[in-house]
Amino acid sequence: MRMSRMMLKTLREAPAEAELPSHKLLLRAGLVVPVAAGIYSYTPLGWRVHRKIEEIIRQEMDRSGAQEVHLPALQPREPWVQSGRDASMDAVLFRLNDRRERAFVLGPTHEEMVSLLAARHIQSYRDLPVTLYQIQTKFRDEARPRGGLIRVREFAMMDAYSFDSDWEALDQSYQLAYDAYFRIFERGGVPVIPVEADSGAIGGKDSQEFIFLTESGEDTILLCDSCGYAANAEKAEFRIPPAVASEPLAMERVHTPGQKTIAELAKFLNIEERQTAKAVFVMADGKPVFVVIRGDLEVNEVKLTNALKATNVRPMEDREVEAAGLVAGSASPVGISGIQVVADQSVVDATNLVAGANEVDWHLRNVNYGRDWTAALVADFSLARDGDRCARCSGTLHEQRGIEMGHVFKLGTMYAEALDVRFLDQAGQRNETVMGCYGIGVERMLAAVIEANHDKDGIIWPKDVAPFDVHIVALDLEELAVERTLTQLEEDCEKAGLSVLIDDRDDSPGIKFKDADLLGMPVRLTVGPRALAKGGVELRVRRTGEMEIVPADQVVARLKDV
RNA sequence: CGGGGUGUAGCUCAGCCUGGCAGAGUGCUUCGUUCGGGACGAAGAGGUCCUCGGUUCAAAUCCGAGCACCCCGACCA
């Protein structure tokens, strides 16, 4: 490819809207062009990278025994109603009607479609196991697209689905996908760690995310410094700090003028935060819930959602608090009625806590669970935080930010039940298939590759992702020897199966070198009078900056070693 | 949806406070000189100053409403 002919425009400066290094470089290198929030067009160069990533994914998925299929992006809405996700994914679904007013959605994911496809083919245990995958455009009306290609509204995703006869068989399919994922990220040059993730209300079993640890990530991960336990904050288990032990005392009112937050209250009464009970108000699937947790802890909304078996839990808005007749700042589970009360295990285990009195400027001392109040539900839904103790060893958990690069998940039988993916086993019994699902976002991977592989001058593509294998900078093309060497090199490379980008533009050497660094091909060859005089062409490795002069006829052989 | 920020040339931004000819750098075009790390000179093209409304003799500038984009949060199979 000759750069003089390629539709490419590099930018000296990144547009102001870009903050992440990957976002800046994607725009500066001219790989993508923004169209709307979370929607991008790809240029010829950008699309080559996209296809390279797809290629890695295809190779590794095929190697794992998965079979590629293609499911529609435009889907009838009915199966979504059947699976219950028309309601549960309400806000992210793009919906539309056809000319006869039949309802459709643009697929945000493909469990429904793959289940319908699989249901037609899976009849007997002899048809199992099978893993299907596709690379297909997904549409999600995200609340907030962000970070360039990190979170977008239209994107390509490789999604795979395994079908097995039982949970034990699923373990094997899951492991195959898990291993394939590691190979994919390794080839892309993105360092990932597997972390335990929430499996949600759909009742799956194991769920792991492949996380690329980076400050700019949007997920919070907790890592044990001793045993290696790693989990998404929404899932992380930890040891709750012990309560202050004491014998139950008689409950009494205490005047607390103006004391509303736990911090204020603890300071005012000269006690520790863990000696208080905190009230948190949420709406769970539209119903108000009074949540009680020890004052020094935070509520983990995902754990709470699961404990409540709800699909959507969010903090109450002020007017909802008012409508429920709750006294913000002094709310108490003691003597409350007309609202569901749920308690975290931490308040059940503690004695003599300070809680609200359901009256402004008053609190209660020595409140004890069981004696003074009870909850409809007691569960463990506190949020692990930096510095908490690991649940599995004596180590300490540390918080880090990360980007979710891939997700593997033992789904179970939910979709098989809803969409009738069943088979006859050896005993002639009809059973649901046990599903697993696995996803990797191509755009997010592309962004992460850059995030993990760049320096101040530009991108440093890993070999398998680079849009071209070799970048040839031609200087002084009017010189006959240069032209001749260039043509020879191009032929040699192509014969050897190497893709070549040739900078034959009529620009100064400085511009060409800067662009070569920015565009980041693994190897740069400089063909010019100066190198020719030294007996060859200059070979420079982008990642290390190492340079050497190589005789023109030995370049291809030499390239095999770098 | 809540909070913050920004909208002026392809890109980066100045001008706005204090109303009075639409600006700079870079990029682009042409010519000449250069030619191994974003060269130099000269001449040029390029604008819905986000949109709509208002105030005014006069609005990029003041006022109001809206929209878009970015960041933080909520949300996110």
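A, B, ... follow the sequence lines: proteins, then strands. Residue 1 opens every chain.
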Considering residues at least two apart in sequence or located in another chain, which fulfil the side chain to side chain donor-acceptor pair (under 3.5 Å) criterion with A/Lys138?
-> A/His110, A/Asp159
Looking only at atom P, what distance separates B/rU29 and B/rC17, rounded to whole Å?
-> 38 Å
Whole-Å P distance, B/rU56 and B/rG44 | 42 Å
Give A/Pro108 one of three labels, base, sugar-phosphate or nothing, depending on what nucleic acid heavy atoms sit under 4.0 Å from its own.
-> nothing
Determine the contact category for A/Arg153: base if any of its heavy atoms lies under 4.0 Å from a base atom, sugar-phosphate if only primed atoms, P, OP1 or OP2 are that close, otherwise nothing.
-> nothing
Atom-to-atom span, CG of A/Asp141 to C1' of B/rC1 - whole angstrom | 13 Å
Taking the side chain of A/Arg146 as heavy atoms from C-beta outward, which of B/rC11, B/rC70, B/rC75 is closest to it?
-> B/rC75
Integer-rounded Å distance: B/rC70 P and A/Leu26 CG | 14 Å
Look through every strand shown and name the nucleotide pairing with B/rU51 as Watson-Crick or G-U wobble, where both distances are under 3.5 Å.
-> B/rA65
Return the value, rounded to whole Å, for the distance between atom CG of A/Leu304 and atom P of B/rC75.
-> 11 Å
Minimum side-chain heavy-atom gap A/Phe104-A/Arg95 below 4.5 Å = no
Taking any strand in view, what nucleotide pairs with B/rC75 in a Watson-Crick or G-U wobble way, both distances under 3.5 Å?
-> none
Which residues pass the salt bridge (charged side-chain N to carboxylate O under 4.0 Å, His left out) test with A/Arg558, sequence neighbours left out?
-> A/Glu548, A/Asp561
For B/rC11, does OP1 or OP2 lie under 4.0 Å from any side-chain N or O of A/Arg12?
-> no
Which value, in whole Å, describes the distance between the P atoms of nucleotides B/rA22 and B/rG32?
-> 36 Å
Is A/Arg444 reaching over with its side chain to a backbone N or O of A/Ile150, donor-acceptor style, under 3.5 angstrom?
-> yes
Ignoring hydrogens and geometry, is there a side-chain-to-backbone donor-acceptor pair from A/Thr43 to A/Gly30 under 3.5 Å?
-> yes
Among B/rC70, B/rA77, B/rC76, find the nucleotide with the atom closest to the side chain of A/Ala37.
-> B/rC70
Counting side-chain heavy atoms from C-beta on, which of B/rG37, B/rC71, B/rG38 comes nearest to A/Leu518?
-> B/rG38
Which part of the nucleic acid does A/Ala91 contact within heavy-atom distance under 4.0 Å: base, sugar-phosphate only, or nothing?
-> nothing
Contact class for A/Arg505 vs. all strands (heavy atom < 4.0 Å): base, sugar-phosphate, or nothing?
-> nothing
Let me know the distance between CD1 of A/Ile39 and P of B/rC70, rounded to the nearest Å.
-> 11 Å
For side chain to side chain contact (heavy atoms under 4.5 Å, CB included), just list the numbers for A/Cys437 and A/Tyr415, CA-CA rounded to whole Å, side-chain angles, deciding distance to a tenth of an Å, and then say yes or no.
-> CA-CA 11 Å; A/Cys437 69; A/Tyr415 292 96; over 6 Å; no
Compare side-chain N and O positions of A/Ser508 against OP1 and OP2 of B/rA39 and report whether any pair is under 4.0 Å apart.
-> yes
Does any donor atom in the side chain of A/Ser162 or A/Tyr438 lie under 3.5 Å from an acceptor atom in the other side chain?
-> yes
Per atom distances to the A/Arg151 side chain, the nearest of B/rC76, B/rA39, B/rC69 is B/rC76
Could you tell me the separation between the CZ atom of A/Arg144 and the C1' atom of B/rG2, rounded to a whole number of Å?
-> 12 Å
What about A/Arg314: does its side chain form a donor-acceptor pair under 3.5 Å with the base of B/rG73?
-> no
Kindly point out which of B/rG73, B/rU12, B/rC76 is positioned nearest to the side chain of A/Arg401?
-> B/rG73
Closest of B/rU12, B/rC76, B/rA77 to the A/Thr109 side chain is B/rA77
Identity of whatever pairs with B/rA24 - Watson-Crick or G-U, under 3.5 angstrom = B/rU12
Whichever of A/Gly38 and A/Pro15 has the more 5' nearest nucleotide on RNA chain B, that residue is A/Pro15
For the side chain of A/Asp457 and the backbone of A/Leu518, is there at least one donor-acceptor N/O pair under 3.5 Å apart?
-> no
Side chain of A/Leu11: nearest nucleotide among B/rG38, B/rC11, B/rG37?
-> B/rC11
Nearest of B/rG38, B/rA77, B/rG37 to any side-chain atom of A/Asp515?
-> B/rG38
For A/Asp507 and B/rU34, give me the distance from atom CG to atom P, rounded to whole Å.
-> 17 Å
Distance between the C1' atoms of B/rC50 and B/rU6, in whole angstroms?
-> 11 Å
Could you check whether A/Met157 gets within reach of a base, just the sugar-phosphate, or nothing at all, counting any heavy atom under 4.0 Å?
-> base
The side chain of A/Ala143 lies closest to which of these nucleotides: B/rC13, B/rC11, B/rC75?
-> B/rC75
Report the distance from atom NZ of A/Lys9 to atom P of B/rU26, rounded to the nearest whole Å.
-> 17 Å
Pairing partner (Watson-Crick or G-U wobble, both distances under 3.5 angstrom) of B/rG19 = none
Determine the contact category for A/Ser88: base if any of its heavy atoms lies under 4.0 Å from a base atom, sugar-phosphate if only primed atoms, P, OP1 or OP2 are that close, otherwise nothing.
-> nothing
Look at all strands and tell whether A/Ala18 reaches a base, only sugar-phosphate, or nothing, counting heavy atoms closer than 4.0 Å.
-> nothing
P-based separation of B/rA45 from B/rA24 [nearest Å] = 13 Å
Per atom distances to the A/Glu301 side chain, the nearest of B/rC11, B/rC69, B/rC75 is B/rC75
How would you label the contact of A/Gly147 with the nucleic acid (heavy atoms, under 4.0 Å): base, sugar-phosphate, or nothing?
-> sugar-phosphate
Interatomic distance, A/Leu519 CG vs B/rG37 P [rounded to whole Å] | 18 Å
Should B/rG41 form a Watson-Crick or G-U wobble pair with both distances under 3.5 Å, which nucleotide is its partner?
-> B/rC31
A/Lys235 (side chain) donor-acceptor with A/Ser207 (main chain) under 3.5 angstrom = no
What integer number of Å spans the C1' atoms of B/rG38 and B/rG3?
-> 40 Å
Within the modelled atom types, does a donor on one side and an acceptor on the other bring the side chain of A/Arg28 and the base of B/rG38 under 3.5 Å apart?
-> yes
Would you kindly compare A/Glu19 and A/Glu234 by the position of their nearest RNA chain B nucleotide and give the one closer to the 5′ end?
-> A/Glu19
